[in-house]
Amino acid sequence: MVETIQWTEAGVVMIDQRALPRQEIYVACRDYREVAEAIRAMVIRGAPAIGVAAAMGVALGVAQAYSARLDEEFEEICSTLAGTRPTAVNLFWAIDRMRRVYRSVRERPLEQIRARLVEEAQLMKREDVEVNRAMGRHGATLVPDGKTVLTHCNAGALATAGYGTALGVIRAAVEIGKKIDVFADETRPFLQGARLTAWELQQDGIPTTVITDNMAGHFLRSGRIGCVIVGADRIAANGDVANKIGTYGVAVLAKESGVPFYVAAPVSTLDLSLASGDQIPIEQRNPAEVTQLAGVPITPDGVGVENPAFDVTPHRYVAAIITERGVAIPPYTESLRRLAQARAAV
Ligand code: MRU
């Protein structure tokens, strides 16, 4: 399975997801500012992956910081990384976790502080893979045998430290012997489905078909799709789910077609401080992502453009939320709170 991100002597190394699937290029971020820029520019993307990247960015920042004003520098590092992308709560969860570790060791000698932060960031990477495998085990039973699974965006190994959330459930279903194939929405405008989901599932030998986003309704009506599984960037207390733009439309079409719509996400994606999805900040990205295809302009110059990177799917469309601690079903206000309070599975 592909290594999305690694802590190395040369810095934090990431596979450049902008270049896939045509080129496998690895980028080394040599300081925390380069890690922040890699997250912002989507060299690395996907909620859990950017959480791990931010944790490694904090560790790298402290490894290069001066002891005289360490507290101040620590906060600068955290706020630079936190300012990269607003929607995925895993970014802020990871930075908070690193901040708690820092506070618990800040009186110690600098070398010990640095070593402890590197250790925590690496632990978060390992834990993420285990969390995804646990999610896979819980979710695999929900996947109908002999049918097609529809997914949107990329919630796979590339979007995490490995194995994936939605694609982790698909991988786990295949591992227990279910005969399934996958339809990957291309996911305009960044094409995470066409480029990344198709690439990583093809590498695993899982039969995958790319469809354009506007074909989803057609196939959902056809009876061929057994379920939809997507990842999430932030889930509010009532079960409303922020995920890649276009997810909401797929969820409504799935409900209309009687196809269950599942969300697979770790507990670190829950934001129970928000009562509903209306409070989730939605990232607005560069209009050029919409007006150009592979750098070639496709719209008239000067035309108005909107580019929200995420949308919110109201909880009434979500049949279940698969986490590493178990599967939450409606009413989510209760089931998600119970899962958040349950003992960590990993
Ligand atoms: O803009 P991106 O590519 O970071 O958005 C990614 C998604 O929306 C994923 O579906 C989500 O982060 C879950 S990844 C396991």
Side-chain angles (χ1 to χ4, degrees), residues 1-2 4-5 14-18 20 38-54 84-94 125 128-129 131-136 139 150-171 184-197 199-201 213 228-235 241-251 261-271 277 280-286 289-290 307-313 318 321-324:
M1 205 163 37
V2 60
T4 310
I5 182 164
M14 307 164 184
I15 189 166
D16 188 341
Q17 301 196 24
R18 299 167 305 178
L20 285 171
I39 297 171
R40 199 202 53 74
M42 301 198 18
V43 171
I44 189 161
R45 32 67 48 200
I50 64 178
V52 173
T84 51
R85 298 194 70 192
T87 304
V89 77
N90 307 61
L91 178 75
F92 310 101
W93 169 87
K125 178 183 160 174
D128 187 54
V129 180
V131 156
N132 292 338
R133 288 197 180 273
M135 214 180 293
L150 175 67
T151 190
H152 190 76
C153 192
N154 171 267
L158 288 166
T160 62
Y163 202 67
T165 58
L167 298 194
V169 172
I170 290 168
R171 287 192 164 97
D185 283 347
E186 75 173 337
T187 318
R188 277 273 289 154
F190 206 71
L191 306 177
Q192 289 94 330
R195 297 188 302 107
L196 308 176
T197 296
W199 181 75
E200 66 165 273
L201 291 181
D213 299 324
V228 178
I229 313 179
V230 298
D233 289 85
R234 198 186 290 230
I235 301 175
V241 173
N243 191 49
K244 180 51 51 194
I245 192 74
T247 303
Y248 172 39
V250 176
F261 177 90
Y262 298 123
V263 174
V267 169
S268 55
T269 302
L270 302 180
D271 184 353
I280 298 175
I282 301 294
E283 178 182 9
Q284 306 294 321
R285 291 191 64 86
N286 189 339
E289 290 178 356
V290 175
N307 188 14
F310 301 95
D311 59 25
V312 172
T313 298
V318 180
I321 298 175
I322 304 156
T323 77
E324 72 275 26

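Whatever order the structure lists them in is the order used to number ligands and atoms, beginning at 1. The residues of the chain are indexed from 1 along the displayed sequence.
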Which pairs would a plain distance check flag for residues 262-271, meaning a side-chain donor or acceptor within less than 3.5 Å of a matching protein atom at least two apart in sequence or in another chain?
| from | atom 1 | to | atom 2 | distance (Å) |
| --- | --- | --- | --- | --- |
| S268 | OG | N90 | ND2 | 3.3 |
| T269 | OG1 | N90 | OD1 | 3.2 |
| T269 | OG1 | N90 | ND2 | 3.0 |
| D271 | OD1 | S273 | N | 3.2 |
| D271 | OD1 | S273 | OG | 2.5 |
| D271 | OD2 | R234 | NH1 | 2.7 |

Scan the side chains in residues 150-157 for donor-acceptor partners under 3.5 Å anywhere in the protein, sequence neighbours excluded, and list what turns up.
| from | atom 1 | to | atom 2 | distance (Å) |
| --- | --- | --- | --- | --- |
| T151 | OG1 | I229 | O | 2.7 |
| H152 | ND1 | D185 | OD2 | 2.8 |
| H152 | NE2 | I245 | O | 2.8 |
| N154 | OD1 | R45 | NH1 | 3.0 |
| N154 | OD1 | G156 | N | 3.4 |
| N154 | ND2 | T197 | OG1 | 3.2 |
| N154 | ND2 | E200 | OE2 | 3.2 |

Hits for salt bridge (charged side-chain N to carboxylate O under 4.0 Å, His left out) against E289, two or more places apart or cross-chain, chain-then-number order -> R285
Amino acids contacting ligand 1, non-hydrogen cut-off under 4.0 Å: M42, R45, G46, A47, P48, R85, C153, N154, A155, A159, T160, T165, Q192, G231, A232, D233, N243, K244, F310
Pair F310, I280 - check side-chain contact (heavy atoms from CB on, under 4.5 Å), show working. CA-CA 10 Å; F310 301 95; I280 298 175; over 6 Å; no
Compare all side-chain heavy atoms of V250 with those of T313 and state whether any distance is below 4.5 angstrom. no
Validation row: Y163, V131 side chains within 4.5 angstrom (heavy atoms): no
